[in-house]
Amino acid sequence: MSTRYNFREYEAKWQKAWAEALVYQTKEKTPKYYVLEMLPYPSGRLHMGHVRNYTFGDVIARYKRASGYSILHPMGWDAFGLPAENAAIQHGVHPKVWTLENVRFMKEEIQSLGISYDWSREILTCSPDYYRHEQKIFLDFLKQGIAYRKESFVNWDPVEGTVLANEQVIDGKGWRSGAPVERRKLSQWFLKITDFAQELLDDLTHLDHWPEQVKTMQANWIGRSKGALIHFPLIEKEEVLEVFTTRPDTIFGASFIGISPDHPFVEELAKTAPALHTFITECRALGTSQKDVETAEKKGFNTGLTVRHPFLKNHTLPLYVANFVLIDYGTGVIFGCPAHDERDYEFAVKYKLPILPVIKDPQEGPLPYGGEGLLINSEFLNGLTVEEAKKEVIHRLVTKKLGTAQISYKLRDWGVSRQRYWGAPIPIIHCTHCGIVPVPEDQLPVTLPEDVTFDQPGNPLDSHPTWKYVDCPVCGHPSERETDTFDTFMDSSWYFARYCSPHSAQPFERKEAEFWLPVDQYIGGIEHAILHLLYARFFTKALRECGYWNISEPFKNLLTQGMVCHETYRDQAGSWLYPNQVERRDGQLVKIADGTPVKVGRSEKMSKSKCNVVPAAKIVEEYGADTIRLFMLSDSPPERDFEWTEAGIEGSWRYINKVWRLVTSHLSDLRTVKADDVPLTFTDNALEIRKLTHKTISLVTQDIERFHYNRYVAHLREFTNALEEFIPNDASEFWTLHEAFHTLVLLISPALPHLAETLWAELGHPPFVVNQPWPQADPAFLREEEVTLAIQVNGKLRGTLVISPDLSVDEAKALILDLPFVTAQVQDSPVKKFIYIPGKIANVVL
RNA sequence: GCCCGCUUGGUGGAAUGGUAGACACAACAGACUUAAAAUCUGUCGAUCGAAAGGUCGUGCCAGUUCGAGUCUGGCAGCGGGCACCA
């Protein structure tokens, strides 16, 4: 028997055998368990983040399979999106060719990992077989009033003549052209996610197995707030501005009205005011990124107009167009109360506006003050608390018909139009007679034409000579197709349903979807905590409203994994270097090409731009799938970032070989053991190993259930280390070793399925270990007869004592107070308190 | 700027409010070997001490508690998200 595990031979052998025996084919039986890893974008090569994600999913899928569940564990491709178009522009490859090539590579790489996917359910979002159903869903949304059209802003590159994504805008300039980007208005399709805002918020409370942090982020994103809508009539014009505020109590501290530069009233004003027009243009040079708008210097434009204060006769407030007022939140108009708001304060100082405190700061701290306190300088509100004042103001506003109570959400409707080629066509026809006409369902899919080029600016669909011209399905008049395509988030908002019946002529079969959903365990990166997960939750509810199913939440349990990081290297010139361009010579890292020293940077998320990517395929080639899988599970808990190191992968490889040597070196001894002939008596050594075997089953089971995968690996190692030292001498000990090895092979199988399968065969069993039931711990072995108790005096550890956990407090106290290291501390002092937690600790308080 | 996290030895990390550092990695010393690789054994938070043992120690500052890495408040550093990257 070789002392090195031949992973190349065995991994290929078992992957082939599993595939031929259709081991991972989904069977619709109860109890069911749906494991899903986030749909990958086919970037070309498998990276470590993917490997980590799929290994996490595979462990739970295999463990649940062994525990008697029927598993749905599918895989597919989020195949539309921007990078394919960038590749087309840069390298002249057609997006479809580029994407399918990437899928082909990545699929091969994923398959080499031996993940238990049912590949017969694979989906590809850029295939008309997939997006035709998305088009149908969109038309249903339209019927149901969930989809609608409105104007909104995009980043416009005036040189390229194209719309840019936020990531393509760098410091306010187009990434290719370098031209300053402007915010431009376009008519686009939106989905009414705001109609579901309250339900999306309320249902978070039922998602018991989602990380709190994700639920908090979603709740803040939805951003429900209670406040008031206040009417401010303009003095100079017949016009009333509506303001939404969460702080109506500070109304007497108002010193100005701020209105968004994108507000229709401002646009109207600008038509006759060139200076205002210039100001708006400046504001729009910021692009659409919220971060840029909020971090920009606060600027205002005094319109010269004034509004009347709702409660103070003869008191007027100036109307400023302010760059920090967002058109998408509230009404796009605010009243500024500088004494109690950071932004308003900054603005007021800059434009020399009055700052009148209306809430008394009990600490007399500096302004602005945002805390609680009693109202001052506020007429009828004086002496009230903030809460009372809010109620009173709203009451008076209602009485005077100048406002109402109002609930507002930060959440905005979801714009799904993209002015791009590589996405699902929006199934709409624009007819000059009939207006907006949905493509009739029997004409779906609206297929993306393939004969396009990227040699001119803008969306190739727009300049396509034939595709966009059709006759109106209603009146027959020559019309034009919608040339925008869907946001790719649409594709990933319902794919989990398609997997349930991937070949259906409908988007999905209701029966199958309702059988499998919700997804029992969803796993993916924390970077998707808000957008993707919120959109998928929204789609689920919207589909319910359209009568597709009776499901409200798609994902029951959620695991958000951290990123895979690696050290970064730069040469003397400061250029990033790949790990394979660097080597250690005489204890120093040098550039292989010329031997010059390398600057080692801190560990960062693996990314192409920093060159700190380790390709997964290379590691699988060198060490095998089980080794890379084991390393991904070791050391770091799933939620945390993972540090990729060469030494770490080596360590995992050593463990694989250790298990291989351990089991194969005892094979001849074990062949004589008959599992059914349980010995009547066991030696002490045997009992100790049996105890550890069952304890390990119990610990490992808990570890997997709780996703403590790093502890799962640690417990396997501890078990293996103990078995290495165990040299069996009599029949009971051989039987014990037999039990221990079978347990070990079963326990490693979710993580190391190829090695487990190999050893299972070596132990003389027919395939497949992956179909074997999960081992059960015998409770008789889990009870501790003696425990080590920590003994503290005044909370400080002074020693330990091995005793039975069943001793009473009095028995324990008598023993402990007699211990020499306790008496030395206690001396003559009276014992004030004696704390005794059986099995854990005793604390003598003096 | 706003929202959400994270911070423990040389390194990754372990620890239902109860013996801080499990399990690994690296390093060092040794065994085996002609040699190397592989494998095995030992040491491995800091500090004082010949030893027994003591003292300090979980980013920083306070607090709650018999007892805090863990809970609370504040601060710092790092990371994720911010609506057209996915």
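Sequence lines set the chain letters: A, B, ... in the order given, protein chains first and strands last, and positions in each chain run from 1.
The distance between atom CD1 of A/Ile803 and atom P of B/G18, rounded to the nearest whole Å, is 18 Å. Here B/A83 presents its P atom at 12 Å from CD of A/Glu167, a figure rounded to the nearest Å. Residue A/Asp641 contributes atom CG, which lies 12 Å from atom P of B/C6 at whole-angstrom precision. When the P atom of B/C85 is taken as reference, atom NE2 of A/His528 falls 12 Å away, rounded to whole Å.
Going from atom CG of A/Leu326 over to atom CD of A/Gln290 covers 5.5 Å, rounded to the nearest 0.5 Å. A/Ser492 OG to A/His532 NE2: the interatomic distance, rounded to the nearest 0.5 Å, is 5.5 Å.
Side chain A/Gln188 to base B/C84: a donor-acceptor pair is found below 3.5 Å. Residue A/Asn166 places no side-chain atom within donor-acceptor reach of the base of B/C84, judged by atom type and a 3.5 Å distance cut-off alone. In this model, no side-chain donor or acceptor of A/Gln168 finds a partner on the base of B/C84 within 3.5 Å. Judged by distance alone, with hydrogens and angles left aside, A/Arg420 brings a side-chain donor or acceptor within reach of the base of B/C84, the pair sitting under 3.5 Å.
Comparing B/G12 with B/U19, their C1' atoms are spaced 24 Å from each other, to the whole Å. The same atom, P, is picked in B/U43 and in B/U33; the two are 24 Å apart, to the nearest Å. For the C1' atoms, the distance linking B/C44 with B/U11 amounts to 13 Å, nearest Å. For the C1' atom pair drawn from B/U8 and B/G13, the interatomic distance equals 9 Å after rounding to whole Å. The gap from the C1' atom of B/G69 to that of B/A22 amounts to 15 Å, rounded to the nearest Å. Rounded to whole Å, the separation between the P atoms of B/A20 and B/C28 comes to 31 Å. The separation of B/G42 from B/U47, taken at their C1' atoms, amounts to 23 Å, rounded to a whole angstrom. Comparing the P positions of B/G30 and B/A35 gives an interatomic distance of 14 Å, to the nearest angstrom.
In this structure, B/C85 makes no Watson-Crick or G-U wobble pair, since no nucleotide meets both defining distances under 3.5 angstrom. Of the nucleotides present, B/C23 is the one that pairs with B/G12 by Watson-Crick or G-U wobble criteria, both distances under 3.5 Å. Pairing of B/U7, defined by two Watson-Crick or G-U wobble distances under 3.5 Å, is identified with B/A76. Using Watson-Crick or G-U wobble geometry with both donor-acceptor distances under 3.5 Å, B/C71 finds its partner in B/G63. Pair assignment for B/C56 gives B/G45, based on Watson-Crick or G-U wobble hydrogen-bonding distances that are each under 3.5 Å. Pairing for B/U33 is absent, judged as Watson-Crick or G-U wobble with the two contacts each under 3.5 Å.
Partners of A/Tyr712 under the ring pair (Phe, Tyr, Trp, His ring centres under 6.0 Å) rule, at least two apart in sequence or in another chain, do not exist in this structure. Residues meeting the ring pair (Phe, Tyr, Trp, His ring centres under 6.0 Å) test with A/Trp422, sequence neighbours left out: A/Phe80. Taking the side chain to side chain donor-acceptor pair (under 3.5 Å) definition, one finds that A/Asp641 meets it with nothing, sequence neighbours left out. For A/Tyr329, there are no ring pair (Phe, Tyr, Trp, His ring centres under 6.0 Å) partners at least two apart in sequence or on another chain. Under the ring pair (Phe, Tyr, Trp, His ring centres under 6.0 Å) criterion, A/His50 pairs with A/His47, A/Tyr54, sequence neighbours left out.
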Between the protein and nucleotides 52-59 of chain B, list every N/O to N/O distance that falls short of 3.5 Å.
from, atom 1, to, atom 2, distance (Å)
B/C56, OP2, A/Lys796, NZ, 3.1

Using nucleotides 1-5 of chain B, report all nitrogen or oxygen pairs with the protein that are shorter than 3.5 Å.
from, atom 1, to, atom 2, distance (Å)
B/G1, N2, A/Glu294, OE1, 3.3
B/G1, N3, A/Glu294, OE1, 3.3
B/C3, O3', A/Asn220, ND2, 2.7
B/C3, O2', A/Asn220, ND2, 2.8

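Cation-pi geometry between A/Lys298 and A/Phe347 is not met at under 6.0 angstrom from the ring centre and within 45 degrees of the axis.
Contact annotation: A/Arg418 side-chain N/O to B/C84 OP1/OP2 distance is under 4.0 Å. One finds a side-chain N or O of A/Arg654 lying less than 4.0 angstrom from the OP1 or OP2 phosphate oxygen of B/A26. At B/G13, one or more side-chain N or O atoms of A/Arg640 fall inside 4.0 Å of OP1 or OP2 (strictly under the cut-off). Applying the 4.0 Å criterion to OP1 and OP2 of B/C23, one finds that A/Asn710 has every side-chain N and O outside that range.
If A/Ala714 and A/Asp635 are placed on RNA chain B by their nearest nucleotide, the residue sitting closer to the 5' end is A/Asp635.
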Donor-acceptor contacts, no H, no angles, side chain residues 793-801 of chain A, under 3.5 Å, sequence neighbours left out:
from, atom 1, to, atom 2, distance (Å)
A/Asn794, OD1, A/Leu846, N, 2.9

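Side-chain atoms of A/Ile837 lie closest to B/G18 of the nucleotides B/C40, B/A86, B/G18.
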Could you walk me through whether A/Glu297 and A/Lys350 pass the salt bridge (charged side-chain N to carboxylate O under 4.0 Å, His left out) check? CA-CA 11 Å; A/Glu297 191 198 346; A/Lys350 184 161 181 178; 2.5 Å; yes

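Among residue pairs with one or both ends in residues 165-177 of chain A, those qualifying as salt bridge (charged side-chain N to carboxylate O under 4.0 Å, His left out) are A/Glu160-A/Arg176; sequence neighbours excluded.
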